[in-house]
Structure formats: structure tokens, C-alpha cells
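Protein chains get the first letters and strands the later ones, always in sequence-line order, with residue 1 at the start of each. Computed from heavy atoms alone, side chains included, the values below leave out hydrogens, waters and symmetry copies.
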Protein chains: 2
Amino acid sequence: MSQRRRPTIHEVAKVAGVSISSVSRALNGNTSNADMVARVNAAVREVGYVPSVVAQSLKTRHTGQIAFAMEDIGNAAYLEMVRRIQPTLRDEGYRLLLHSTGADVEDELGVLASLSQNYVDGLILCPLRVTDRHVEALRQTAVPVVVIGLLPDDVPVDNVRADSRVGAQLAVQHLAEAGARRIAFIDGPLDTVPGRARYDGYRMGLAAAGRETDDALIRFTDFRFDAGRQTARELLTEHPDVDAVFGANDLIAMGALHALRELGRDVPGDVRVVGMDDTPLAATSFPPLSSVSLGSADRGRIAAELLLRRLDGDDAPPERVTVPPSLTVRESSR
Amino acid sequence: MSQRRRPTIHEVAKVAGVSISSVSRALNGNTSNADMVARVNAAVREVGYVPSVVAQSLKTRHTGQIAFAMEDIGNAAYLEMVRRIQPTLRDEGYRLLLHSTGADVEDELGVLASLSQNYVDGLILCPLRVTDRHVEALRQTAVPVVVIGLLPDDVPVDNVRADSRVGAQLAVQHLAEAGARRIAFIDGPLDTVPGRARYDGYRMGLAAAGRETDDALIRFTDFRFDAGRQTARELLTEHPDVDAVFGANDLIAMGALHALRELGRDVPGDVRVVGMDDTPLAATSFPPLSSVSLGSADRGRIAAELLLRRLDGDDAPPERVTVPPSLTVRESSR
DNA sequence: GATGGGCGGGGAAACGTTTCCGGGATGTGG
DNA sequence: CCACATCCCGGAAACGTTTCCCCGCCCATC
């Protein structure tokens, strides 16, 4: 534990026999004198100098850090995003800060507010809901922000969105084309953004396939495995003629798979099942679960790229990118 | 886009009609004059002052940031850790930086080296492997480090470990007690740390149950679903008398479940299956998969707590904590 | 009423960089 | 050979805080 303080640019300057300005220039490639560069580099190695990023940040007014704020990193969709955001940012020399806000809207606002402490150069935000206070905060942030998720059109902020409505439609159309006649839908809460969008998509899908919507085949529950299983069991008991179930996310669909098995129904023989989000669960379930991907990884990557462009000085008008959903068909609906 | 610069402590001082020292003291609770505090707070609100954490960091020599470095946040075990590390640190006012190093050992060393840039106050590191260069780097870090994973005893660094050897033993003993007579083992690569430990644990478990080890029932493959499935299929075809499979992680065990189903064997009737890591996959598989938890969440929490203690000035000798594994029995082995 | 102690607050230095500015050396053209 | 432009490098200021130090005030004590 050598308590000797870290060497600064001054020590380097002294050893190299030059001024600190020259050291700084040499290290930042702002000098043309090769001999100078060599001497400085030698001195750097000799004293073991490493620049203080904090001091650099103070002077240059940027930190090389970007924050990603979402509800819970445990959520598969956010996880996929992080996995793409991190390398994208890192390749450009940025470090990634993680903010799990929990289900706490205040916390999201706190993150936005704390941006003026400027310890980050930018933010990627996945808001649970967008309140007026969000909008207000977003209007006057000190650094660029990219929002992943739905955002009112008049908020001047880059925005990357999924289209779970079209995604749901895709699922329903696929089931209809596969020959299903009674397509049930187990949704999450209707007062959530995804719950609503998927509900609309389900109806659109049925309409597009020329089917009537039968409200008896629609259930609302939580986006959870147990909830999906329980709800599916009730639904299928009450309506044994159901020959397809669309779950509003993979957990619900997995629950439906379990319920079907318990009821002795064959998947996909008797009942086809499709989920949504295309999480790792889908590929390893039995039977492997067809699922609609909302392109979380792509959304993460695109958000990161948009942010990088802003940080690069691009001040074009805010962009609005929608990532199209895609259906991965596996055995559960084949 | 008001390009007006952020107000500094100087503006606050001017508005409040006091010196910047007094403002700083008032804001940091180092003054007893209530009137002063009130005036400063009023001025702060008036000009919309927010302290610059960068300037504070430069002066105070700490940043309020902690890094967590691991191979890939997509890995369920690391994910569980992050989910506990983040709130633990946040409660103490620290921000979390994420470093996914990829499978790149150089990158891990890079993270260690970059610590002297001191943009973080501490680091939690999950090394893939611990080389001599790791040890050397760990010996002379500028900030406290906690390592999650196996670490040579002579490295003076706090260390939190799982015990996958005992975990494997637990699984095997459970299978033996449940009545299994031919317990197969599908391991990951033997030249990885977990692969080796689980192999040893498997043998110990058999020994403890008074069984012979039959090398024919041991296979090595990758820690992946496809690999597990393929290997299980071969194993079970060659040895139809196997009545239990222990998979060295959940993915392998899930693969085994699929293979068994394809071979028309009932789980757990004909063959019992146990996995390891107790990931979310286990609970939703069919049948739900028994799995040994290595306490990732606990390890994350403990690592964070250890680090916080160091940051609090504790300079007791390095600690070595082993989190005991625990078996969650579900239907696949009941 | 003078003196000493305590305390609150202001001035200024310091943290470690980057960058502006200016001076001296060098080179070029008249 | 001089004048002028050019180029390098060193000095110093600045980024926005915290904190040391010291001064002046007030109160208490003799």
C-alpha cells in the first residue's frame, strides 16, 4: 500500500524537462515534434502517469459517460438492450452507467433532474409512463436524451419505439393462417401502454383475417407466469373449443403452455400458442414457443447510435424510429 | 436550448450576498447559522443551482461511482448479481458503472488498469480466470476491489465465492436419496473453474452416497442448451439404464429434459433431472426443474456490502466469504 | 473596561487538467 | 542582412468545487 499520491502531469513535465502544456499537447496529439512526444512518453512510463479523467472532465466539460435508465435490468427486454448498448457505446469510448429506477416514477424524474449534475454526457431512458413532468423535464435537459418507448409527438427528443400493436397483429394473423378458428388472447393490464397496444393489435389481427372478435376469449391479467397459467386454465376450461392462445408476453404464454399440459391438451395439435418478446425462455420451452420479437436488441443499438450522433454534434431535428416486430415460428404453433 | 451556462456556486454566493466558502459550508451542513442556510437555499432555488459532481470529485478525490465488471451481463448469474448490487450501492449514494468485458481476458486487465484513472471509488470484479497478471494488478490497485469468484489465498483482496462443488454434491445426494441408482452427469468443459468444481462435487456426492463412479455416465460439453440436449441424447441412448441426470447448469439440464422427452422417457418417473444455477428457466420449464442455487443474488449483495465497508474506511484484513449453495426441489426430481 | 477565547465567515489556495496567449527561435524572402 | 511570418514551447488562467487560514466580532471573565 504505497500511499504515495498518483503522479500528475507536473511530475511528467519535470522528468521530461518540459512544461506541462507540452506534456498535455504531446499526450493529446497536438504537437508535431516527434522528439517531444518520445520524451514525454518516456517520462510517462517512468513515473507511471495515468491521466485523471475527473480533471479532464472538469476542463473539457464532458465525462465520457452515458446513463441507461430503466425499470429493472432483470426484465429480459431491457437486458437485451443493455447488451447492445454497452458495446456500441464502448466502441466510441463511452462508459455505461446503469440506473434501475424500480417501479418508481419519481425515481425516473430524479434521474432526469440529476442530469444537470452533469456526470454523464447523455442518457438513454425507458420510461414506464410519460407524465407531464417527464415532458417538462425532457424539454430542458442539459444533455442529449434518447427515449426508448412511446413519447408524445411534440416532445423534441430522439425516440425509438417498438410496435407491439403490429406485433400482436402478426401473431394473430399467423395463428389464423395456420388454421386456428378460435383464437384466445391473454393480455396484461389494459391500462398499461403495452397492454393496450397488444389488445388493439389482437383485434386488428382478427379483423384482418376476417374474424369476429369474441370478448369471451379475451382475458386481462398480469404479465407473469403464474397469472398466465391460472388465467389460461380458467379460459380453456370455460371455452374448450379454443384452438389457439396468444399470450401478451412469453411468461403468460409459458403459463398457457403449462395450463394446456395440465388439461391434457396437445400443443400444437389441439391448441397453438404464440408468445411475445422472444425471450430466451421461448427457445427452451417445450414445445419451443413461437414468439413475436419486438427487437429489443435493435432498439438498444439504435438508441445508442442516435445518442452518439447527438454527442457528435448533430443537431438535426429529433428523430423518431420505429423498429418493426418480427415473428419467430417455433413448434408451439407449427 | 438556452445556451446559458449552468450557474455555479459563485452565482449563488452573489445572490445570497455571502462568500462561496459560506455557500459550500451551508450546502454541506458545515455551518450552524440557520439564517445563512436559509439564505443560501433561497439563492440556490432562485438561480437553479445544481452542484457539479465533477468539480466535487476533483476536490474530494472520490466520485460516488463503483464499477461492476463481468463477462456478459446476459449471463443469468451476473444478472442476478447486478440486480442486488445496484440497489445496495444506490442506497449509499453510489452510482453503478457496468463493464461487460466479453470473453476477453485482456479487457479485464484493462479494467483493472483503468482504475488508476480513478473515475470510480471501487470495483467489483468477476474474473473469468485469474492469471498472474490479474494477481499483480490486484495487488496494486488504487481503489478497493472485491472479487467474486475463486481467488488464490495470498491475494490480499476481499473475495466472495460460491461453492459449486458442494452444490453439485448436494444435487447428487438428493438424487441418490430419491432412489436413483444410475446418476449421469453432463458437465461443461473440465478446464474451466466451474466445470472442474462441479465434476469434483459430483464424485464426492456419489462417494458420500456410497456409490461407485462410473466414468461412462460422465460427459463433458459446453454450458449450452443445444450441447446439453445433444449430449444427453447420446448418453441416454447408450445407457438406457440411467435413471437420473445432473446437468452442470440449467441450460444443460433443460437440454436433457428435451432429449428425454424426445426419447419418450418420463420425467421424473423414468429419469430424474437436476440442474444448477436456479435461473428463471428452471421455474417455468416442464416439468419445473430442480436446481441448485449458487446464491448469485447473495454474492452480489455481499460483495457490494464488503466494498461499501472498505469505502467507509475499514482496513481490516481482506475477507473471504463463501456463500453456501442451496437446492430447490421441483417436479423434475420429485 | 481591557483582554482572551471562541466562533463565524471571507479570501485564497488547491485539486489536475486543457488551452489561450505571448515570446523567442527559426526560417524565408526581399 | 534585415524584416516578417511561422512555429514551438512555457507561463498562466480557467474549469467549479472544498477547505485551510486568518481576521474580526462578540461575549465572558478578570
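Distance from the side chain of B:L58 is smallest to D:dG16 among C:dG10, D:dG10, D:dG16. Checking D:dC15, D:dT18, D:dT17 against the side-chain heavy atoms of B:S24 singles out D:dT18 as nearest. In this structure, of C:dG16, C:dG9, D:dC9, it is D:dC9 that holds the atom nearest to the side chain of A:S19. Taking every side-chain heavy atom of A:I20 into account, C:dT18 is the closest of C:dT18, D:dG16, C:dG8. Here the side chain of A:S22 is nearest to one of C:dT17, D:dT17, D:dG10, namely D:dG10.
Residue contacts for A:V50: at a heavy-atom cut-off of 4.0 Å it reaches the sugar-phosphate backbone alone, with no base atom in range. Residue-level contact check: B:V23 touches neither bases nor backbone, having no heavy atom under 4.0 Å from any strand. If you check every strand for non-hydrogen atoms under 4.0 Å, B:V18 touches sugar and phosphate atoms only.
Rounded to an integer number of Å, the gap from B:M36 CE to C:dG8 P is 10 Å. Regarding B:R6, its CZ atom lies at a distance of 11 Å from the C1' atom of D:dT17, rounded to whole Å. The NE2 atom of A:H10 sits 8 Å away from the P atom of C:dT17 (whole-angstrom rounding). Per the geometry, CG belonging to B:L27 stands 9 Å off P belonging to D:dT17, to the nearest Å. One atom, CD1 of B:I9, and another, C1' of C:dG10, lie 13 Å apart when rounded to the nearest Å. Regarding A:R61, its CZ atom lies at a distance of 16 Å from the C1' atom of C:dG16, rounded to whole Å. Across the protein-nucleic acid pair, A:Q117 atom CD and D:dG16 atom P stand 15 Å apart, rounded to whole Å. Protein atom NZ of B:K59 is 14 Å distant from nucleotide atom C1' of C:dT17, rounded to whole Å.
B:S24 and B:S21 form no side-chain donor-acceptor contact under 3.5 Å, judged by distance and modelled atom types alone. For the residue pair B:T63/A:Y119, the side-chain donor-acceptor check at 3.5 Å is not satisfied.
To the nearest 0.5 angstrom, B:D191 atom CG is 8.0 Å from B:R129 atom CZ. Expressed to the nearest 0.5 Å, how far CD1 of A:I124 lies from CG of A:L97 amounts to 11.5 Å.
Considering only side-chain N and O atoms, A:N28 lies under 4.0 angstrom from the phosphate OP1 or OP2 of C:dT18. Checking the phosphate oxygens (OP1, OP2) of D:dC15, no side-chain nitrogen or oxygen of B:T8 falls inside 4.0 Å. Put simply, B:Y49 has a side-chain N or O that comes within less than 4.0 Å of OP1 or OP2 on D:dT17. Between A:N30 and C:dT18 there is no side-chain N or O to OP1 or OP2 distance below 4.0 Å. Between A:S57 and D:dC15, a side-chain N or O to OP1/OP2 separation shorter than 4.0 Å is absent. Between B:Q56 and the phosphate of D:dT18, there is a side-chain N or O to OP1/OP2 separation shorter than 4.0 Å. Side-chain nitrogen and oxygen atoms of A:S32 include at least one within less than 4.0 Å of the OP1 or OP2 phosphate oxygen of D:dC8.
A 4.5 Å side-chain heavy-atom check between B:V111 and B:E108 finds every atom pair outside the cut-off. With contacts defined as side-chain heavy-atom distances shorter than 4.5 Å, the pair B:D107/A:R90 qualifies.
Residue-to-nucleotide contacts include a donor-acceptor pair under 3.5 Å from the side chain of A:R25 to the base of D:dG10. For B:S21 and C:dG11, a side-chain-to-base donor-acceptor distance below 3.5 Å is present, hydrogens and geometry of angles not being considered.
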